[in-house]
*Asks:* 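Have a look at the structure that comes next, please.
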Amino acid sequence: MADIIKLLPDHVANQIAAGEVVQRPASVVKELLENAIDAGASSIMLIVKDGGKVLIQVVDDGVGMTATDARLSFERHATSKIQKAEDLFNLNTKGFRGEALASIAAIAHVEMQTKNETDELGNVLKIEGSKIVSQEVGAMVKGTSMAVKNLFFNIPARRNFLKSNQVELRHITDEFQRVALAHPSIAFHFHNNGAEIFNLPKSNQRQRIVHIFGSKSNQKLVPVNEETQVVKISGFIVKPEFAKKSRGEQFFFVNNRFIKSPYLHHAVVSAFEGLIKPNTYPGYFLYLDVDPASIDINIHPTKTEVKFDDEHTLYAILRSTIKHSLGQFNVVPALDFEQDQNLETPYAYKNKNAELPKVSVDAAFNPFQDTPPKKQAAGFSSFKRESAMAGKAWEGLYVGLESEVGQDETLGSMQFESEAITGSIFEGKQESVESTATTFQLRRKYIVTTIKSGMVVIDQSRAHQRVLYEKYLKNITVKKAASQQLLFPIILSFTPADLVILKEIKDSLTTIGFMFGVMEGETVEITGVPILVSESEVGMVLDQLISDCQMEVLEDSFSQTDILAKTLAKTLSVKTGEVLDSNSQLALVNDLFACKEPQVSPFNKPVYVTITENDIDKKFI
Ligand code: ADP
Ligand code: MG
């Protein structure tokens, strides 16, 4: 049999390697920025067009290259950073594999200009699909400019796999922020499609964070400092009260390299234990300096994971350092979650007449509710909710709709719709909407009601999420929602990265009732809000929307409308623990069963369970 094994030609090997190094434009950005840092640049400019699909350019003022080095830099395993295997254990540079430029050149059109300190003239190189197409000398300043055009031009499958420009831009922004945070002493500029997104002057760690995350982040930061034989820790944690529902502002840097470490993340989270609300994540910017010989950054091709020699010690030191900072800066006693909860005003009641509150028998009282609703009954929020709920029906809450549609008309059609559909699940006429004695609230969490075959137990929060979700989805896709114009516009400030997202979703937000005025610098003027959102909630709702959009991208399932509707439903729905009077319970049940998919919440959780007479009978055997 003839020999069949052949060595792959270089350009094929490079294309294969490229698959590992370059997943998307953001990977190129990371490699080029890191090369610029390794070259000792003091100022770095990133220029991007169309989410990096058309152009990614990085210009630095670093050491530059000689004519020969310029050519060699595109060869595979060509690196100036290590010479022997032992060097791997004493790395001070970002790169060391000598793979990045070779990989990028294999799948894009690259134009490099570079000049070192001593040469009179610099070099201009053009490479297309691993082939040098031209090399010329030219006058230029010291440093290197790398322009990467038409990424994946020769791998259409990969090119088609790329997401929208906005999504790719967001990945690029993430990479840029990580690199910029790791190197505050280097100035960075970032232009996208001709517009400047970031202008970060040389600064210290704190200023860099504030430049990236906006001036309001300054007061949220608590410094962290610890020096031991194993590790030197510096940086900041975000005060517990600003912990967010979504992940995103968690940054570990080990020897100035951004890393992901679920283990160390856990150390930080455990230090925050008891200080933050459930399902929120603490924010942190932590810089760890360790002996390069004690870590192995070689375990992952894109190098965001690191293996530490002594993880357990590191965990313990990190945890106690964070605890110390939290204590030292007196963050702990400032917390008062109880009060927070009571001050939350869930709906906009401005236009509601204040005639409803009166002494009445609690129709929602039931003997199964073993925790007396003390706090709620006395609290400000429950007063508001109860009084509003006492209206004709749930929909009566939606102040402002009256003027648009006319309340009776709305209610009429709602009830008609509900009845038509509930007919199938509810037993006869006595179970229909008019009836008042057929629901009760169990443990301020479930609504219980009867059906033909037995009973149904409904999760109140999930049910309301479903109702609101379908309502918003309809608003966004079908018709323009009612909006309430604000007498005094609300001015909110956002980080540059958040602003990019906000601008993207602005049109959809307008269809659900947000109105925007001037957007200038980091501030945005809100001139109108949807009728369901109160003025005090606007900031919170928008923050949540932005972070949810950000999260979804990372999970790679992006549908703007859906996210908006989900977020609004989640943020504005009735929560577990809230007391609902019998009218509201009934209205919720009716609205729920008028939904297209009452069985599941927008987040795919079951909304209700049915318990048949048969099930109950069995228990009595
Ligand atoms: P690595 O960074 O792993 O060494 P790269 O393929 O990224 O591999 O780069 C190859 C070599 O090209 C580097 O080792 C460096 O000597 C040179 N180089 C790349 N980018 C620059 C730059 N911006 N300025 C100066 N030299 C550079
Ligand atoms: Mg490199």
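Each residue takes its place number in the sequence, starting with 1. Indexing begins at 1, ligand by ligand and atom by atom, following the structure's order. This is a predicted model, so every value here is computed, not measured.
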*Asks:* Who gets closest to atom 6 (O) of ligand 1 by heavy atom: Leu33, Val59, Leu101?
*Replies:*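 Nearest option to atom 6 (O) of ligand 1, by heavy atoms: Leu101.
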*Asks:* Measure Leu32 to ligand 1 on non-hydrogen atoms and call it side chain, backbone, both or neither using the 4.0 Å cut-off.
*Replies:*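 Near ligand 1, Leu32 shows nothing, with every heavy atom at 4.0 Å or more.
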*Asks:* Can you tell me if Asp119 and Thr66 form a side-chain donor-acceptor pair at under 3.5 Å?
*Replies:*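 Per modelled atom types, Asp119 and Thr66 side chains form no pair under 3.5 Å.
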*Asks:* Strictly by modelled atom types, are Asn150 and Arg159 linked by a side-chain donor-acceptor pair under 3.5 Å?
*Replies:*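 There is no such pair between these side chains.
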*Asks:* For Glu31 and ligand 1, does the shortest N/O to N/O distance drop below 3.5 Å?
*Replies:*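 No - when backbone and side-chain N and O of Glu31 are compared with those of ligand 1, no distance drops under 3.5 Å.
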*Asks:* Are any of the N/O atoms on Val63, whether in the backbone or the side chain, positioned under 3.5 angstrom from an N/O atom of ligand 1?
*Replies:*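 Such a contact does not occur with ligand 1.
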*Asks:* Using a 4.0 Å heavy-atom cut-off, which part of Thr144 comes near ligand 1: side chain, backbone, both, or neither?
*Replies:*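 Near ligand 1, Thr144 shows its side chain, while the N, CA, C and O stay back.
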*Asks:* Test of understanding: given a 4.0 Å heavy-atom threshold, classify the contact between Glu34 and ligand 1 as side chain, backbone, both, or neither.
*Replies:*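 Glu34 to ligand 1: no contact under 4.0 Å from either part.
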*Asks:* Show me which atoms of ligand 1 lie under 4.0 Å from any heavy atom of Ser73.
*Replies:*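 Result: 10 (C), 12 (O).
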*Asks:* For Ala100, counting its heavy atoms only, list the atoms of ligand 1 lying under 4.0 Å from any of them.
*Replies:*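 Taking each heavy atom of Ala100 in turn, ligand 1 has 6 (O), 7 (O) under 4.0 Å.
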*Asks:* With backbone taken as N, CA, C and O and side chain as the heavy atoms from C-beta onward, which portion of Ala39 lies under 4.0 Å from ligand 1: side chain, backbone, both, or neither?
*Replies:*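 Just the side chain.
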*Asks:* Taking the six-membered ring for Trp and the full ring for Phe, Tyr or His, determine whether the centres of Phe272 and Tyr281 are under 6.0 Å apart.
*Replies:*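 Not close enough - the centres of the two rings lie 6.0 Å or further apart.
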*Asks:* Name the one of Phe308, Phe252, Tyr315 that satisfies ring pair (Phe, Tyr, Trp, His ring centres under 6.0 Å) with Tyr263?
*Replies:*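 Only one option passes, and that is Tyr315.
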*Asks:* Aromatic rings Phe258 and Phe253: how do their planes relate, parallel, tilted or perpendicular, breaks at 30° and 60°?
*Replies:*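 Perpendicular.
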*Asks:* Using heavy-atom distances only, which candidate in Asn35, Asp60, Ile44 approaches atom 7 (O) of ligand 1 most closely?
*Replies:*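 Looking at heavy atoms only, Asn35 sits closest to atom 7 (O) of ligand 1.
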*Asks:* Can you classify the ring geometry of Phe188 versus Phe176 as parallel (below 30°), tilted (30 to 60°) or perpendicular (above 60°)?
*Replies:*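 Plane angle over 60°, so perpendicular.
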*Asks:* Applying salt bridge (charged side-chain N to carboxylate O under 4.0 Å, His left out), run through Glu175 and Arg178 and close with a yes or a no.
*Replies:* CA-CA 5 Å; Glu175 260 342 314; Arg178 291 166 179 177; 3.6 Å; yes
